[in-house]
Visitor: 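There's a structure below that I have some questions on.
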Amino acid sequence: MAKFIFVTGGVVSSLGKGINASSIGRLLKNRGLKVFMQKFDPYINVDPGNMSPLQHGEVFVTDDGAETDLDLGHYERFIDENLSKYSSVTTGKVYLKVIDKERKGEYGGKTVQVVPHITDTIKEYCYKAAENSHADIIITELGGTVGDIEGLPFLEAIRQMRRDVGYNNTLYVHNTLVPYISASQELKTKPTQHSVKELQSLGISPDIIILRSERKIPQKDKEKIALFCNVNIEAVIEAIDCKYLYEIPLNLAKQHIDDYIVRHFGLEAAPLDMSEWTKMVENIKKAKKEVTITVVGKYPLQDAYLSIHEALKHAAWHHQASVKIEYIDAETVDIDNVEELLSKTDGILVPGGFGERAAIGKMVAIRYAREHKIPYFGICFGMQLSLIEYARNVLGYPEAGSTEFSENCKMPIIDLKFSKRGMENHMRLGLYDCHLALGTKIYGAYQVQDIRERHRHRFEFNNQYKKIYENTDMVFSGINLENDIVETIELKNHPWFVACQYHPEFLSRPNKPHPLFLGFIKTSLDIRETKSL
Ligand code: GLN
């Protein structure tokens, strides 16, 4: 039977509880246990896919095509396990399920209530995650902060879980903040005590407390917290600010949090081996070279492109370099300022996106990369726009466009194929196959011909127009054979002009950088080095 870890947060948001949860996952995985993670988000939106990246950061996509909160990206990067639709649960999803059932009469006329109907549905997601993943340990992070009204049904459900499956099969980890007051030069434990009291008033007593702090927490303060919050002293763990996210599992390992958890569950587990992870972190710290990458997107914001941000770092670290990532709002890019904005960068990336706004600026950037032989990486919308830009400016078809911008587009080289088959608004989500042509740059990066990558798009290249690209520098290097969909393109006679219809960033891991990011960063670094010679 699976064991359940529930991770909550108190005092303030942005404590890094998602990273702590993922780090615990990594430690348990490295003790030979199979780990699965899920996130409970108390907001009412049913589908994180519809939320604005401006407010909520990127939409992460799983293998099975679930559109989720960006925290799942962190989980996957840390535990290197592919998650699923059971990993993403929102209040909206839970209520929708219960109300649907009620509408169908499945409650037989009973009064439908938060307890037990909503809480039972929440618990069902825990059990389903266990059943489908066959994991030894399910780690569930509850979004928000203890005390939020909207989190209450989730807290009630996880409280019941201990009653349902027993003390030794459940573990509560609470994250708090220990602020430093510079006037008195003291760290303060009171907010933690209050937050734990609040949790206890809801019937949950934490087994482990993780204290986020700017500086080292003295033993006497830890003892105070242990006493007042009713936890063992070994279960009072500090999480000091780190320069690199990926150091956090190592900090937690030093405090033997994994031992405490394994003991609590009465599990047999291998000794902890973090040698590969330690080597990776040492590598990160050793980076001597630097490379600058400019992301030309709709939102000049790191969180909106979080997986790309991380994937660029993973690839740079692999090449013993650090990467400086600049975000430019594509709407501000035009032919007059493009030189000033992009002439100094080592690589240009145009990420996924929707709608016409900013497409013009993105195409100006793509043209600049193409003409100035600056390494270029186009992702999803970035591939579609690369094809339009090429048709317009190289092949001489000013009318080339996408039906995403105008349904009456005279030359729809990017079009809706799926919806024409009667599936309006159907997104192509999740893993699909792609077959790569031998001898191409992309094949050179992957070194295999058949790959599977995650998708999230509605429009695609319209194969009718393939002939206009014949005998040009544009190469269609990867195809989904099943549905004859162009998946990757690249330019000959350019050091690195590569674009793909899928989202490679979702599969990059700190210890397994993605081949396309590796190729892009390597070329950008090499060209920078030759320039400085
Ligand atoms: N807007 C484009 C489409 O729907 C690209 C989507 C994306 O970049 N994720 O096909």
Side-chain angles (χ1 to χ4, degrees), residues 47-54 56-63 65-70 72-73 295-299 301 303-309 311 327 329-331 348-363 365-366 376-389 391 400-407 409 412-421 423-432 434 453-463 465 478 480 483-489 498-508 514 516-517:
D47 200 343
N50 293 336
M51 295 171 83
S52 161
L54 212 50
H56 237 267
E58 80 173 0
V59 175
F60 189 78
V61 180
T62 54
D63 275 356
E67 298 177 275
T68 75
D69 188 271
L70 54 71
L72 262 74
V295 177
V296 185
K298 188 164 164 182
Y299 312 100
L301 191 78
D303 264 8
Y305 306 107
L306 188 61
S307 293
I308 289 179
H309 193 87
Y327 291 90
D329 176 354
E331 261 190 299
I348 296 170
L349 190 151
V350 174
F354 293 83
E356 193 168 15
R357 189 168 76 83
I360 300 296
K362 289 178 188 173
M363 283 194 276
I366 294 169
Y376 167 73
F377 192 5
I379 294 178
C380 203
F381 202 37
M383 180 188 100
Q384 299 173 356
L385 294 177
S386 305
L387 286 161
I388 297 173
E389 189 281 320
S402 165
T403 44
E404 181 170 359
F405 309 152
S406 149
E407 277 188 32
C409 173
I413 66 157
I414 305 296
D415 200 1
L416 277 178
K417 193 152 129 196
F418 275 88
S419 84
K420 278 190 190 146
R421 293 191 201 126
M423 294 157 88
E424 201 79 57
N425 279 340
H426 178 82
M427 275 239 210
R428 187 166 173 251
L429 287 168
L431 277 186
Y432 285 95
C434 167
E453 292 277 359
R454 294 185 191 169
H455 295 68
R456 180 173 184 251
H457 66 114
R458 220 171 256 128
F459 295 82
E460 64 194 66
F461 180 67
N462 182 346
N463 287 329
Y465 291 101
N480 169 279
N483 288 306
D484 196 16
I485 295 172
V486 172
E487 292 278 0
T488 74
I489 59 161
V498 165
C500 50
Q501 185 57 75
Y502 50 80
H503 289 271
E505 68 272 24
F506 296 142
L507 293 184
S508 178
H514 190 282
L516 291 186
F517 282 88

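Below, all heavy atoms of this structure are taken into account, side chains as well, without hydrogens, waters or symmetry copies. For ligands, and for the atoms within them, numbers begin at 1 and follow the listed sequence.
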Visitor: Please classify the Gln384 to ligand 1 contact at 4.0 Å (heavy-atom distances, strictly less than): side chain, backbone, both or neither.
Guide: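 Near ligand 1, Gln384 shows its side chain, while the N, CA, C and O stay back.
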Visitor: Mind checking side-chain hydrogen bond (donor to acceptor under 3.5 Å, both in side chains) for Ser402 and listing every partner two or more places apart, or none if nothing turns up?
Guide: none
Visitor: Using a 4.0 Å cutoff against the non-hydrogen atoms of Cys380, which atoms of ligand 1 qualify?
Guide: 5 (C), 6 (C), 7 (C), 8 (O), 9 (N)
Visitor: Out of Phe381, Phe405, Phe459, Phe354, indicate the one that has the non-hydrogen atom closest to atom 10 (O) of ligand 1.
Guide: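 Looking at heavy atoms only, the winner is Phe459.
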Visitor: Could you tell me which atoms of ligand 1, counted from 1 in the order shown, lie closer than 4.0 angstrom to a heavy atom of Arg458?
Guide: 3 (C), 4 (O), 10 (O)
Visitor: Taking 4.0 angstrom as the limit and counting only heavy atoms of His503, give me the atoms of ligand 1 inside it, by number and element.
Guide: 9 (N)
Visitor: Test of understanding: given a 4.0 Å heavy-atom threshold, classify the contact between Arg456 and ligand 1 as side chain, backbone, both, or neither.
Guide: backbone
Visitor: Is the backbone N or O of Ser307 less than 3.5 Å from a side-chain atom of Glu58, with the two atoms forming a donor-acceptor pair by type?
Guide: yes
Visitor: For ring-ring contact (aromatic ring centres under 6.0 Å, His included), just list the numbers for Phe381 and Phe354, CA-CA rounded to whole Å, side-chain angles, deciding distance to a tenth of an Å, and then say yes or no.
Guide: CA-CA 7 Å; Phe381 202 37; Phe354 293 83; 7.3 Å; no
Visitor: Only heavy atoms of Glu404, strictly under 4.0 Å: list the atoms of ligand 1 that pass.
Guide: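 Matching atoms, with element in brackets: 1 (N), 2 (C), 3 (C).
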Visitor: Can you tell me which residue and heavy atom of the protein come closest to atom 8 (O) of ligand 1, and the distance to 0.1 Å?
Guide: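 Ranked first by proximity to atom 8 (O) of ligand 1 is Gly353 N, 2.8 Å.
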Visitor: Okay, side chain of Tyr305, backbone of Tyr299: is any donor-acceptor separation there less than 3.5 Å?
Guide: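 Such a contact is found between Tyr305 side chain and Tyr299 backbone.
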Visitor: Arg428 side chain to His457 main-chain N or O, any donor-acceptor pair under 3.5 Å?
Guide: no
Visitor: Find the distance between NE2 (His503) and CD1 (Ile379) and round it off to the nearest 0.5 Å.
Guide: 7.5 Å
